[in-house]
Amino acid sequence: MSEDPRSQEADALFALVRSRYGTRLTAEQLESVRRGVAALVEQAAALRAVRLSNADEPVQRFTPYRSDE
Amino acid sequence: MNPVFRPVRELAEAVRAQRVSPVELAETFLDRLERLGPRYNAVVTLTRERALVQARRAEGEIAAGRWRGPLHGIPYGAKDLLATAGIPTTWGAAPLRNQTFDFDATVIRRLEEAGAVLVAKLAMVELAGGMGYRQPNASFTGPGISPWSAEAWSGGSSSGSGSAVGAGLVPFAIGSETWGSILSPAAYCGISGLRPTYGRVSRHGAMALCWTLDKLGPLALTADDCGLVLGAIAGADARDPSAVDRPFAYEAGDTTGRRFRFGVLGDVAENAEPAVQASFARSLEMLRKIGTVQEVTLADLPYEAITRTILFAEAASAFEDLIESGSIAGLTAPEDHHTPYARDAILAKDYIKALRLRALVMREADRALAPFDALVAPGRPATAPPLGQEFRDPHRPARDPMGAVGNVAGLPAIAVPNGFSERGLPTSLQFMGRAWEENTILAAARAWQSITDHHLKRP
């Protein structure tokens, strides 16, 4: 295991993915998935590096529902 | 009159004047689709029976003086992710090749109401590319082939929509874009392709790849034709909550003498192929004949990471059944058999962070676009790649600020031809506008096509 926090995160997340799907994948496919997880961790790091305020809401549509409206 | 390679505008006039019969039109294009479609791997299903019923109805109505409008009696093809009652809708995926719905997608229904004639369901990259394909052979119908070279890809994921229009197999087609799937085939096939504003066109009955990024739009020979088609398919729809009540009427007025304000990101062509850079440099000079061109900058944000996080997270959910069941092992592209599994590693808080950053991107894009009629850029950074070649490294994603910003902010864009490479492959120019400004970018693209002849070249 690497000491680098980002690598540790990637290792942990890959372990999760492998536990779910590892039995159906070849070693070569697993290695590709491992690299894919590492790329996603890098991607997440880019998002986390941007500071937002508490008031910055996500863009998503939500409207309470009534069947008669 | 030979109807092949004629713009919808010209065909419509001939149909209205009864110089051309809708039935003859349908038969002409059905024949071309049948004979030439396999050359481009463009067709999934010919819809001959339905087409001839629609064409005969159109012919009768027009003869009786009931002309519905410019699409009446005009044949078209639909990307095979749009539901069509009783006709297979495969989503390009081998495990779903027998999938059939019992209703028409709203876009199909609207085109029927406009009198258009559905002649084919057109090939596409499996699941619209949502599994992470990275080479052209990613559909059970084979790799889409560009009309300009038997060795070059037609682009994706609306592969058949691009090649069928570019090869004169249909006058227009409907495609979809989540990130690049209309602009890429338009660029690689040397035609015009319009990505409407998110919410302009109902997606009811269309395969969902990513609910907050998916758009439907036309591909055609000219920008004007794209406007005609958008006029028929735009509008609110109770069956798609994202489709907004914001009426659209295509304004096809003459652009002669109109001066446009174009913005351009300083480094937008920096990583493009030399042929694309050369075409783009010439295009900027030409654009100065119809307006001003001014450099613009965007704030430093991780645009591609934001869009990609939203796309991957939503696609993982949209195709949860296929992924969890292992059915993706039946897909055509080997990389699609395992790539999606990694997306279980996207954390909920990172997806939400991407949705929060999306608000910043929307404001930043609008700030940058507000002084302009459009931002211009290469339609694609490269010409059509060879069929056997990987075109992206999934572990080192390429920069695409226009695509990332335009799609995550839901902005309209149109790609039009702007030249050719030394290998004879088309290059492309895109105009991206503020939200709901389709008429503005269509006018700019029409003005472009009034001073250039790239869109008149045929393979």
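Values below: every heavy atom of this structure, side chains too, minus hydrogens, waters and symmetry copies. Treat the numbers as computed from the prediction; the structure is a model and nothing was measured.
Highest contact tally toward chain B, considering only L40(A), L52(A), V37(A), is held by L52(A) [criterion: heavy-atom pairs under 4.5 Å]. Of the listed residues A38(A), A46(A), A10(A), the one with more heavy-atom pairs under 4.5 angstrom with chain B than any other is A46(A).
In this structure, chain A has heavy atoms under 4.5 Å from both the backbone and the side chain of T309(B). The contact between R20(A) and chain B is made entirely by side chain atoms (from C-beta outward), counting heavy-atom distances below 4.5 Å. Only the backbone of E57(A) has a heavy atom closer than 4.5 Å to any heavy atom of chain B. For E42(A), no part lies near chain B; criterion is any non-hydrogen pair under 4.5 Å. Neither the backbone nor the side chain of E304(B) has a heavy atom closer than 4.5 Å to any heavy atom of chain A. Heavy atoms closer than 4.5 Å to chain B are found in the side chain of V17(A), but not in its backbone.
The minimum heavy-atom distance between L209(B) and G130(B), with the atom names listed, is CD1-CA, 3.4 Å. Across every non-hydrogen atom of Y351(B) and E314(B), the tightest pair is OH-OE2, 2.7 Å.
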Table please: side-chain donor-acceptor pairs of residues 400-413 of chain B below 3.5 Å, with sequence neighbours left out.
{"unit_1": "D400(B)", "atom_1": "OD1", "unit_2": "G403(B)", "atom_2": "N", "d": "3.0"}
{"unit_1": "D400(B)", "atom_1": "OD2", "unit_2": "W179(B)", "atom_2": "NE1", "d": "2.8"}
{"unit_1": "N407(B)", "atom_1": "OD1", "unit_2": "K215(B)", "atom_2": "NZ", "d": "2.5"}
{"unit_1": "N407(B)", "atom_1": "ND2", "unit_2": "E177(B)", "atom_2": "OE2", "d": "3.1"}
{"unit_1": "N407(B)", "atom_1": "ND2", "unit_2": "G403(B)", "atom_2": "O", "d": "2.9"}

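Salt-bridge annotation for R35(A) and E335(B): absent, with no side-chain N of the basic residue lying under 4.0 Å from a carboxylate O of the acidic one. A salt bridge between D240(B) and R203(B) is present, with a side-chain N of the basic residue lying under 4.0 Å from a carboxylate O of the acidic one. Between R6(A) and E9(A), no side-chain nitrogen of the basic residue sits less than 4.0 Å from a carboxylate oxygen of the acidic one, so the salt-bridge criterion is not met.
With values rounded to the nearest 0.5 angstrom, Y21(A) atom OH is found 14.0 Å from H338(B) atom NE2.
F391(B) has its ring centre less than 6.0 Å from the ring centre of W153(B).
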* **Chi angles and distances behind the side chain to side chain contact (heavy atoms under 4.5 Å, CB included) call for L47(A), I306(B)** => CA-CA 7 Å; L47(A) 302 183; I306(B) 294 165; 3.5 Å; yes
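Looking only at atom types and distance, the side chain of S181(B) has no donor-acceptor partner in the side chain of R195(B) under 3.5 Å away.
Of residues 362-369 of chain B, those residues lying under 4.5 Å from chain A by any heavy-atom pair are M362(B), R363(B).
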